[in-house]
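Right, one structure below, let's go through it.
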Amino acid sequence: MAAQRREEIRNALQQKGWLSVTELAQIVGASPATVRRDLKELERAGVLIRTRGGTCLADRLPEEMTEHVRAQKNSMEKKKIGQVAAKLVENAGSIILDAGTTTLEVARALKPAQPLRVITDSVEIAYELRDRENIVVIVTGGVMRPHAYNLFGGMGEQMLAGMHAQICVMGCSALSLEEGLTKHDIESMPIRRKMVEISRQLIAVVDSSKFGKTGLVSICPVTRISTLITDSGIDPVFRSALESAGVQVIVAE
């Protein structure tokens, strides 16, 4: 009975991507407590990833995850990284925050003492900063990507073409010495590259789980990154290689 129920859970997640405990309980005809026990066993077997209130399959690609799921992964590390990054950039005058769960943490931590213009392609970041003191939000415009809430398309690229920023703060799907900063979101590649192009400095905010991996599209080489802010899980050899390439590495404790 348990084996059949767990197979039904796997099939449902394969079709839907992410489901809450309540939804899974309705699908398999069991109590939420029973489903939680099943999820715990399936996670222990490496089949799925549990998040607050639900779950998704472990083999889902990052770009297939909803924003809700991605926000739960390494959330404490992302929060610390965001706090450190915010202190570095909040008095820069003008910055870019690209859409992402780590850059959203940067936005949440921003408390500038003087006027700060924040350019973003993220609906979530724009909403987060909508009434923040000393912050003017500039949204790029474009077509909104479902479940990720970022904007892409020629409208945003044209807008950025006539602008300049002191610092671009950008997250990524993966970071490697060979491929540099990469992402999975193909549609947003042009606007992300333009963000880097119009900025004097690039600060990458990346938790250590993404190191040594490669996304679908390259945004820029490692040598374009001025500063990397990450967590204590960074491998010392990888850190040394980044520093040799001219990247300042800051560990958020």
Could you tell me which non-hydrogen atom of [X] sits nearest to which non-hydrogen atom of [Y], and how far apart they are?
X	Y	result
M155	G142	SD-N, 3.8 Å
D121	A99	OD1-N, 2.8 Å
A245	T223	O-CG2, 4.1 Å
G141	L151	O-CB, 3.5 Å

Inset, instruction - Have a look at L228 and tell me which of V205, V206, L202 forms a side chain to side chain contact (heavy atoms under 4.5 Å, CB included) with it. - result: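 With L228 as partner, side chain to side chain contact (heavy atoms under 4.5 Å, CB included) holds for just one option, V206.
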
Under a 4.5 Å cut-off applied to non-hydrogen side-chain atoms, are [X] and [Y] in contact?
X	Y	value
R193	M189	yes
Q114	N134	no
I135	P112	yes
K210	L175	no
V139	V137	yes
I125	Y149	no
I138	V118	no
T140	T120	no

Using modelled atom types only, decide if a donor and an acceptor are shared between the side chain of [X] and the backbone of [Y] within a distance under 3.5 Å.
X	Y	answer
D38	R6	no
S218	C220	no
E179	S176	no
T182	A174	yes

Set of side-chain contact (heavy atoms from CB on, under 4.5 Å) partners for [X], sequence neighbours left out:
X	result
T227	I203, I229, Q248, I250
S94	R117, A165, Q166
E8	Q4, V28

Inset, instruction - Scan side-chain atoms only and decide if D207 and T230 contain a donor-acceptor pair under the 3.5 Å cut-off. - result: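 T230 and D207 do not have a side-chain donor-acceptor pair below 3.5 Å.
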
Legend entry - Donor-acceptor pair between K78 and T101 side chains, under 3.5 angstrom: yes

Inset, instruction - Give the intermediate values and the outcome of salt bridge (charged side-chain N to carboxylate O under 4.0 Å, His left out) for residues D98 and K183. - result: CA-CA 12 Å; D98 89 314; K183 290 177 177 280; 2.8 Å; yes

Just how far is it from atom [atom1] of [X] to atom [atom2] of [Y], taken to the nearest 0.5 Å?
X	Y	atom1	atom2	answer
T103	I95	OG1	CD1	10.0 Å
I234	S208	CD1	OG	7.5 Å
L116	E133	CG	CD	12.5 Å
I219	I225	CD1	CD1	11.0 Å
L42	R10	CG	CZ	7.5 Å
N150	E187	CG	CD	8.5 Å

Same apolar cluster: [X] and [Y], side chain cutoff 4.5 Å:
X	Y	result
V143	Y127	no
M195	I186	yes
M170	F152	no

Inset, instruction - Check step by step if side chain to side chain contact (heavy atoms under 4.5 Å, CB included) holds for L39 and I9. - result: CA-CA 9 Å; L39 296 181; I9 289 173; 4.0 Å; yes

Identify every side-chain donor-acceptor pair in residues 79-90 under 3.5 Å, counting partners at least two apart or on other chains, and give the distances.
unit_1	atom_1	unit_2	atom_2	d
E90	OE1	K111	N	3.0

Check residues 29-36 and write down every donor-acceptor pair under 3.5 Å in which the side-chain atom is one partner and the other belongs to a residue at least two apart or another chain.
unit_1	atom_1	unit_2	atom_2	d
S31	OG	T34	N	3.2
S31	OG	T34	OG1	3.0
T34	OG1	R37	NH2	3.2

Inset, instruction - For residues 223-248, pull every pair meeting salt bridge (charged side-chain N to carboxylate O under 4.0 Å, His left out), keeping only residues two or more places apart or in separate chains. - result: R239-E243

Inset, instruction - Step by step, work out the side chain to side chain contact (heavy atoms under 4.5 Å, CB included) result for L181 and R192. - result: CA-CA 11 Å; L181 190 152; R192 264 56 181 279; over 6 Å; no

